[in-house]
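For reference, the structure discussed in these notes is given below.
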Amino acid sequence: MNGTAHQQRRNQWLLDGRIEKRIPVSVPIYLAHLNELPAREQTVTENVSPHGARILSKQFWRPGEEALIARRTGEFLQVGRVVYSEQKMGCFCLGVEFLDRSVNWGESFPPLA
């Protein structure tokens with residue numbers, strides 16, 4: 001993705017709070033800090049889209065940190081950037097944006113409009 005396309009995507013996100021609709025689905029994943037491998041957390045998503053996800057975590061993440069996300073089934077490995085981290089009932093909800101490529105969360109999910 002070139003710089004102009006990324007900036008347009010970011011501007012759109014700032015305008016409406018979300019670039020695209022997300023599907024509310026719990027996908028089992030591994031979550032790890034890029035600089036703390038091989039330590040990883042087993043967790044789940046709350047919702048997903050091809051370019052991001054809302055992920056539950058036991059720890060606080062700072063906006064801008066990079067996370068390594070992998071489905072527990074080993075279907076993909078993706079680097080994402082944390083957009084936000086908010087506390088919710090004993091855990092943290094992370095908004096993660098995928099910058100390099102889109103993610104196909106599986107054939108069983110309906111197409112995103």
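What you see below is based on every heavy atom in this structure, not just the backbone, and it leaves out hydrogens, waters and symmetry mates.
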Could you tell me the separation between the [atom1] atom of [X] and the [atom2] atom of [Y], rounded to the nearest 0.5 Å?
{"X": "F92", "Y": "E86", "atom1": "CZ", "atom2": "CD", "result": "10.5 Å"}
{"X": "E65", "Y": "N35", "atom1": "CD", "atom2": "CG", "result": "7.5 Å"}
{"X": "K21", "Y": "S49", "atom1": "NZ", "atom2": "OG", "result": "12.5 Å"}
{"X": "C91", "Y": "Q59", "atom1": "SG", "atom2": "CD", "result": "12.0 Å"}

Between [X] and [Y], is there a donor-acceptor pair closer than 3.5 Å when you use the side chain of the first and the backbone of the second?
{"X": "R71", "Y": "I29", "result": "no"}
{"X": "T45", "Y": "V27", "result": "yes"}
{"X": "S57", "Y": "T43", "result": "no"}
{"X": "Q78", "Y": "V103", "result": "no"}

(request) Assign the ring pair H33 / W61 to parallel, tilted or perpendicular, where the plane angle (0 to 90°) is split at 30° and 60°. (result) parallel
(message) Test side-chain contact (heavy atoms from CB on, under 4.5 Å) on L94 and L31; report intermediate values, then the result.
(response) CA-CA 11 Å; L94 312 177; L31 175 66; 3.8 Å; yes
Might you point out which heavy atoms bring [X] and [Y] nearest each other, and give the distance in Å?
{"X": "R22", "Y": "A53", "answer": "NH1-C, 3.2 Å"}
{"X": "G80", "Y": "V96", "answer": "CA-CG1, 3.6 Å"}
{"X": "L56", "Y": "E46", "answer": "CD2-OE2, 3.6 Å"}
{"X": "F98", "Y": "I69", "answer": "CE2-CD1, 3.6 Å"}

(message) Show, in sequence, the C-alpha distance, side-chain angles and deciding distance for R54 and V83, and conclude whether the side-chain contact (heavy atoms from CB on, under 4.5 Å) test is met.
(response) CA-CA 10 Å; R54 181 172 167 103; V83 177; over 6 Å; no
(message) What I'd like to find out is whether the side chain of Q42 reaches to under 4.5 Å of the side chain of Y30, using heavy atoms alone.
(response) yes
